[in-house]
Amino acid sequence: MSEPVGSPLLRVGVLGARGRMGSQVCRAVDGAEDLDLVAMVDEGEWLFNISDAGAQVVVDFTNPDVVMDNVRWCIDQGISAVVGTSGFDAARIETVREWLKPTEGIGVVIAPNFAIGAVLMMQFAATAAQYFPSMEIIELHHPNKVDAPSGTAVHTASAIAQARRKAALGPMPDATKSSLDGARGARVDEVPVHSVRMAGLVAHQEVLCGTEGETLTIRHDSYDRASFMPGVLLAVRQILGRPGLTIGLDSLLER
Ligand SMILES: NC(=O)C1=CN([C@@H]2O[C@H](COP(=O)(O)OP(=O)(O)OC[C@H]3O[C@@H](n4cnc5c(N)ncnc54)[C@H](OP(=O)(O)O)[C@@H]3O)[C@@H](O)[C@H]2O)C=CC1
Ligand SMILES: O=C(O)C1=N[C@H](C(=O)O)C[C@H](O)C1
């Protein structure tokens, strides 16, 4: 492709390039006129392919066991990283923040979910949490997902918990005496989270909000991984102007 004069293409490498997400990201980057897909790396391949190719930005969709090593490597190489891989709890986020402190100009975006609808669903859930004393999350995914609960559910639960603390709400009403472990789901920041893995699904989440005499259900469905691509490309395009750590797409979407 010939490069337009005065606007060099942004050089992008993809980690997890043959995976469900990584392969779509490669196609999306390859199809974008302002981006240059310079390296595609999968498990067992050489990370230095990325730096040798002069990548300015890496996109990581690998798995929670390896993602921290990948982020560390990118920071050490002076390469900014857009991270979609799940598995980021508060401790991991703090570690990445520490790694970035001595650096200048390197950006890391960690987004639990790149779909616009999912970002809004998380925002709406945090808003509802101020008014609804009962909040529960049901996340539903394809059966090949390696982790549970999903990163989106963990992020949503934290946002709900933060909103509840701000609104000075006490514990959720729940007088259950559970006779079977797991019957009430897992607790993330005190918020019950229920994980479903089912053939036919891609990525879905419901946030159930309850108060006296009414419930509100906030639901998001990704029927196709194409739903994540605009968010990934948005982060890739913005990251060089956003040094330091950015969590979630919210600030990138502000108008
Ligand atoms: N933030 C978001 O919007 C989204 C996040 N995700 C998250 O992205 C991650 C990937 O999901 P998905 O694409 O479905 O998973 P896949 O298993 O399909 O893809 C992961 C890929 O990463 C490769 N890989 C494993 N280790 C390394 C490594 N050290 N270096 C480079 N590549 C490696 C795997 O290779 P191999 O198979 O050979 O092990 C595989 O090709 C998950 O954590 C998922 O939750 C998914 C969708 C959206
Ligand atoms: O593994 C997936 O598929 C997804 N993972 C992310 C998560 O853990 O929240 C985002 C989305 O739900 C799809």
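Quick caveat: nothing in here was measured; it's all calculated off a predicted structure. The first residue in the sequence is number 1, and the count goes up from there. Atoms within each ligand, like the ligands themselves, are counted from 1 in listed order.
- Between the Asp36 side chain and the Val38 main chain, no donor and acceptor come within less than 3.5 Å of each other.
- When the ring pair (Phe, Tyr, Trp, His ring centres under 6.0 Å) test is applied to Trp73, the partners found at least two apart in sequence or on another chain are Phe48.
- Considering only non-hydrogen atoms, atom 10 (C) of ligand 2 lies nearest to Pro112 out of Pro64, Ala203, Pro112, Gly151.
- Protein heavy atoms are found inside the 4.0 Å sphere centred on atom 3 (O) of ligand 1.
- Contact annotation for Thr62 and ligand 1: heavy atoms of both the backbone and the side chain come within less than 4.0 Å of the ligand.
- Residue-ligand proximity: Glu45 is placed with every non-hydrogen atom at 4.0 Å or more from ligand 1.
- Shortest contact from atom 3 (O) of ligand 2 to any protein heavy atom: His142 NE2, 3.0 Å.
- Between Met21 and ligand 1, a contact under 3.5 Å exists for at least one N or O pair.
- Nearest heavy atom pair, residue Leu252 against residue Gly248, reads CD1-O, 4.1 Å.
- Residue Thr152 places at least one N or O, backbone or side chain, under 3.5 Å from an N or O of ligand 2.
- Atoms of ligand 2 found under 4.0 Å from any heavy atom of Asn113, numbered from 1 in the order shown, are 10 (C), 11 (C), 12 (O).
- Residue contact annotation: Ala111 has a non-hydrogen atom under 4.0 Å from ligand 1.
- Counting heavy atoms closer than 4.0 Å to ligand 2, residue His141 contributes side-chain atoms (C-beta onward) but none from N, CA, C or O.
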